[in-house]
K.L.:
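Below is a structure I'd like to ask you about.
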Number of protein chains: 2
Amino acid sequence: MKEQTAVIALSALAQEARLRVFRALIGAAPDGLTPGALSAMLDVTPSTLSFHLKELMHAGLVSLERDGRNLIYRPEIEQMNALLAYLTDHCCQGRGCAPARTRRRVTC
Amino acid sequence: MKEQTAVIALSALAQEARLRVFRALIGAAPDGLTPGALSAMLDVTPSTLSFHLKELMHAGLVSLERDGRNLIYRPEIEQMNALLAYLTDHCCQGRGCAPARTRRRVTC
DNA sequence: TCTATATTTCTATTATTCTCGAAATATGAA
DNA sequence: TTCATATTTCGAGAATAATAGAAATATAGA
């Protein structure tokens, strides 16, 4: 992962409403959630929610599928895993500390 | 980890200069680095660097020790691990996806 | 086609964050 | 105690991000 990509992904998560949205999507994976459901459960106005979902999309952290009248957002687990790896890579210059010896990955 | 703590930690990392500082400290763990060394290697003015280090301290992502005339900053690995866990917990409502079956942790 | 529902885009306002020079503080050494 | 080095704090300007109402768009069904 490039530095700029990581900054964009971290910025997307570094906001209360967006972090709630992302975690709600993680919890609802792999089914996903509609903006309407998210708006109701997180008490965010539709236009504000839409703004935040766009940020998460731009960061590659969520994906979107249309199902008839409904839109379904889901978390992009691989992007999340790439971000986690970026944050912990090269720990202790590779020597000694047994970084990433056990790795946190989400597989769904 | 509380939501607010996670937002603060993510905000601390969601900025190019601070992400570079944090990763430099991860790479230099467990020895740590002085502000002078960081300022030189990352080409950030001392006052700007100090502002960013304060943000990272506030987020609990780095710690500080004085050694005579030098200050030594180090990454707070446990806070980082807590953040990684917060981001991936409750994936798929615990069922099915084998989340965190293998966990990314940095141990130094 | 017309209507209702779901969601996004636009626009303006408000709020927050970043940057860096200058001044202040802390330490060790002469 | 005076000086030099290292770093932080202060302050103000510039840049970026968040919010939500109103209008636009897209879909499905009557």
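All chains are named by letter (A, B, ...) in the order of the sequence lines, taking the proteins before the strands, and each is independently numbered beginning at 1. These numbers were taken from a predicted model, which means no experiment stands behind them.
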K.L.:
dA15(C), OP1 or OP2 - any side-chain N/O from Gln15(A) closer than 4.0 Å?
P.N.:
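No, Gln15(A) has no side-chain N/O under 4.0 Å of OP1/OP2 on dA15(C).
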K.L.:
Tell me: CG of Leu13(B) to P of dC18(C), nearest whole Å?
P.N.:
12 Å
K.L.:
Quick one: closest heavy-atom pair of Met41(B) and Ala24(B), and the distance?
P.N.:
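Heavy-atom minimum between the residues: CE-CB, 4.0 Å.
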K.L.:
I want to confirm an ordering. Mapping Gly36(B) and Asp67(A) to their closest nucleotides on DNA chain D, which one lands closer to the 5' end?
P.N.:
Gly36(B)
K.L.:
Side chains of Ser47(A) and Ser50(A): any donor to acceptor distance under 3.5 Å?
P.N.:
no
K.L.:
Report the distance from atom CG of Leu83(B) to atom OG1 of Thr5(B), rounding to the nearest 0.5 Å.
P.N.:
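Spacing of CG (Leu83(B)) from OG1 (Thr5(B)) equals 10.0 Å.
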K.L.:
Taking heavy atoms of chain B and a 4.0 Å limit, find me the 5'-most and 3'-most nucleotide of DNA chain D within that range.
P.N.:
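Listing 5' to 3', DNA chain D meets chain B from dT5(D) to dT9(D).
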K.L.:
Nearest whole angstrom, please: distance from the C1' of dT16(C) to the CD of Glu55(B).
P.N.:
11 Å
K.L.:
Using whole Å, what does the distance between atom C1' of nucleotide dT11(C) and atom NZ of Lys54(A) come to?
P.N.:
13 Å
K.L.:
Rounding to an integer number of Å, can you tell me how far Asn70(B) CG sits from dG28(C) C1'?
P.N.:
11 Å
K.L.:
Which residues in residues 42-50 of chain A have at least one heavy atom lying under 4.0 Å from any atom of DNA chain D?
P.N.:
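Within residues 42-50 of chain A, the residues near DNA chain D are Thr45(A), Ser47(A), Thr48(A).
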K.L.:
Are Leu13(A) and Val7(B) packed together at the side-chain level, in the sense that at least one heavy-atom pair is separated by less than 4.5 angstrom?
P.N.:
no
K.L.:
Just the rounded figure in Å: distance from P of dC18(C) to CZ of Arg20(B).
P.N.:
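After rounding, the gap between these two atoms is 15 Å.
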K.L.:
With rounding to the nearest 0.5 Å, note down the distance linking CG in Leu25(B) to CG in Leu38(B).
P.N.:
5.0 Å
K.L.:
What is the minimum heavy-atom distance between Ser11(B) and Arg18(B), and which atoms define it?
P.N.:
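Heavy-atom minimum between the residues: O-NH2, 3.1 Å.
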K.L.:
Tell me if a side-chain donor or acceptor on Arg74(B) pairs with a main-chain N or O of Pro30(B) at a distance below 3.5 Å.
P.N.:
yes
K.L.:
Rounding to an integer number of Å, can you tell me how far Phe51(B) CZ sits from dC20(C) P?
P.N.:
12 Å
K.L.:
For Arg23(B), what residues pass the salt bridge (Lys or Arg N to Asp or Glu O under 4.0 Å) criterion, not counting sequence neighbours?
P.N.:
none
K.L.:
Name the residue closer to the 5' end of DNA chain D, choosing between Gly68(A) and Ala17(A) according to the nucleotide with the nearest heavy atom.
P.N.:
Ala17(A)
K.L.:
If you look at every heavy atom in Asp89(A) and Ile26(B), which pair is closest and at what distance?
P.N.:
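Of all heavy-atom pairs spanning Asp89(A) and Ile26(B), the closest is O-CG2, 3.8 Å.
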K.L.:
May I ask you to evaluate whether Arg18(B) reaches the phosphate of dC18(C), defined as a side-chain N or O under 4.0 Å from OP1 or OP2?
P.N.:
yes
K.L.:
Take the protein atom CZ of Arg69(B) and the nucleotide atom C1' of dT25(C), then report the distance between them rounded to whole Å.
P.N.:
14 Å
K.L.:
Using a 4.0 Å heavy-atom cut-off, does Thr34(A) contact any base of the nucleic acid, only the sugar-phosphate backbone, or nothing at all?
P.N.:
sugar-phosphate
K.L.:
Counting just side-chain N and O atoms, does Tyr73(A) come under 4.0 Å of either OP1 or OP2 of dT8(C)?
P.N.:
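Yes, within the criterion.
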